Amino acid sequence: QVQLVESGGGLVQPGGSLRLSCEVSGFTLDYYTFGWFRQAPGKEREGVSCSSGSDSNTYYADSVQGRFTISRDNAKNTVYLQMNSLEPEDTAVYYCAAVFGIGYDNWSCYNGMGFWGKGTLVTVSS
């Protein structure tokens, strides 16, 4: 059974950092594309970052470029999102997602996800 379970969310002050984790079960990370998405209250879900097998196939939303970093630990079967210099506008439920295959372009990376976690809430507030 495929499961993606996010953790690491919480309350953080502006300028602070959090690291989200996405523990994967049911398949190994090899040959899978992973992405992080978020949905703020009253807004549509948006893609935050997507990793499709290589640095040249790793993408970030303009709003998080230079502040967020996506990574994976194959030994732990876990994907991470390191979030630095957090802003109140980053407040949202963050979701991890995956799809089989690598080498996707930006559009395909964000729009082809087949497996989703249930999300973890990140609140940035003083």
Side-chain angles (χ1 to χ4, degrees):
Q1 181 180 359
V2 174
Q3 277 192 312
L4 282 68
V5 180
E6 302 94 335
S7 62
L11 174 63
V12 62
Q13 292 188 342
S17 298
L18 281 176
R19 188 178 77 160
L20 304 183
S21 299
C22 174
E23 187 171 348
V24 178
S25 59
F27 60 85
T28 59
L29 302 190
D30 305 89
Y31 307 113
Y32 275 81
T33 287
F34 286 90
W36 286 95
F37 298 76
R38 68 186 180 187
Q39 187 166 20
K43 295 187 177 181
E44 293 186 355
R45 186 176 64 198
E46 64 172 344
V48 173
S49 180
C50 191
S51 175
S52 193
S54 69
D55 290 344
S56 61
N57 294 111
T58 297
Y59 312 103
Y60 295 95
D62 289 343
S63 59
V64 307
Q65 181 75 47
R67 300 188 297 122
F68 290 11
T69 304
I70 190 171
S71 63
R72 64 175 69 186
D73 185 332
N74 286 355
K76 295 182 178 180
N77 230 39
T78 300
V79 180
Y80 302 99
L81 184 68
Q82 178 67 44
M83 305 186 297
N84 298 329
S85 302
L86 283 162
E87 304 168 352
E89 294 74 21
D90 296 317
T91 295
V93 177
Y94 283 72
Y95 300 91
C96 175
V99 62
F100 181 76
I102 59 175
Y104 294 121
D105 61 21
N106 192 331
W107 189 93
S108 298
C109 205
Y110 285 118
N111 289 279
M113 295 298 173
F115 303 104
W116 291 85
K118 294 184 177 180
T120 185
L121 176 63
V122 172
T123 303
V124 184
S125 175
S126 56

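Only a predicted model underlies this, so the values are computations on that prediction, with no experimental measurement involved.
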Worked verdict on N74 versus T28 for side chain to side chain contact (heavy atoms under 4.5 Å, CB included): CA-CA 7 Å; N74 286 355; T28 59; over 6 Å; no
Note, C22 side chain near V24 side chain (heavy atom, < 4.5 Å):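 They are in contact (side-chain heavy atoms under 4.5 Å apart), so the answer is yes.
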Residue pairs fulfilling side-chain hydrogen bond (donor to acceptor under 3.5 Å, both in side chains) with at least one residue in residues 6-15, sequence neighbours excluded: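 Non-adjacent pairs meeting side-chain hydrogen bond (donor to acceptor under 3.5 Å, both in side chains): zero.
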Pairs meeting criterion side-chain hydrogen bond (donor to acceptor under 3.5 Å, both in side chains) with involvement of residues 43-56, two or more places apart: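 Sorted pair list: T33-S52, R38-E46, S54-S56, S54-N57.
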CG on L18 to CD on Q82, rounded to 0.5 Å: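 The distance works out to 8.5 Å.
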Nearest-0.5 Å distance, NZ of residue K76 to CG of residue L29: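 Answer for the NZ-CG pair, K76 versus L29, is 12.5 Å.
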Could you report the tightest heavy-atom contact between [X] and [Y], atom names first, then the distance?
X    : Y   : value
A97  : F37 : CB-CE1, 3.9 Å
S126 : P14 : N-CD, 3.7 Å
V64  : V48 : CG2-O, 3.6 Å
S21  : T78 : CB-CG2, 4.1 Å

By side chain to side chain donor-acceptor pair (under 3.5 Å) - contacts of S17 (at least two apart):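 Partners of S17 under the side chain to side chain donor-acceptor pair (under 3.5 Å) test: N84.
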Side chain to side chain donor-acceptor pair (under 3.5 Å) against S108, all qualifying residues, sequence neighbours excluded: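 Listed in chain order: D105.
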For [X], side chain to side chain contact (heavy atoms under 4.5 Å, CB included) partners two or more places apart:
X   : value
S25 : Q3
E87 : R67, E89, D90
D62 : none

Sequence neighbours excluded, every pair satisfying ring pair (Phe, Tyr, Trp, His ring centres under 6.0 Å) that has a member inside residues 40-70: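 Residue pairs with at least one partner in residues 40-70: there are none.
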Pairs meeting criterion ring pair (Phe, Tyr, Trp, His ring centres under 6.0 Å) with involvement of residues 11-36, two or more places apart: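 Only F27-Y32, F27-F115, Y32-F100 qualify under ring pair (Phe, Tyr, Trp, His ring centres under 6.0 Å).
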Option from D73, L20, I70, L4 for which side-chain contact (heavy atoms from CB on, under 4.5 Å) with V79 holds: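 Single side-chain contact (heavy atoms from CB on, under 4.5 Å) partner of V79 among D73, L20, I70, L4: I70.
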Remaining members of the apolar cluster that contains Y80, side-chain heavy atoms under 4.5 Å: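 Direct or chained contacts put Y80 with none.
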With E23 via salt bridge (Lys or Arg N to Asp or Glu O under 4.0 Å) - residues at least two apart: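 E23 satisfies salt bridge (Lys or Arg N to Asp or Glu O under 4.0 Å) with no other residue.
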Path from W116 to V122 over hydrophobic side-chain contacts below 4.5 Å: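 Looking at the clustering, V122 is in a separate group from W116.
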L81 reachable from V12 in the ILVMFWY side-chain graph, under 4.5 Å edges: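 Yes, same cluster.
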Contacts of W107 that satisfy ring pair (Phe, Tyr, Trp, His ring centres under 6.0 Å) - sequence neighbours left out: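 Checked W107 against ring pair (Phe, Tyr, Trp, His ring centres under 6.0 Å); zero matches.
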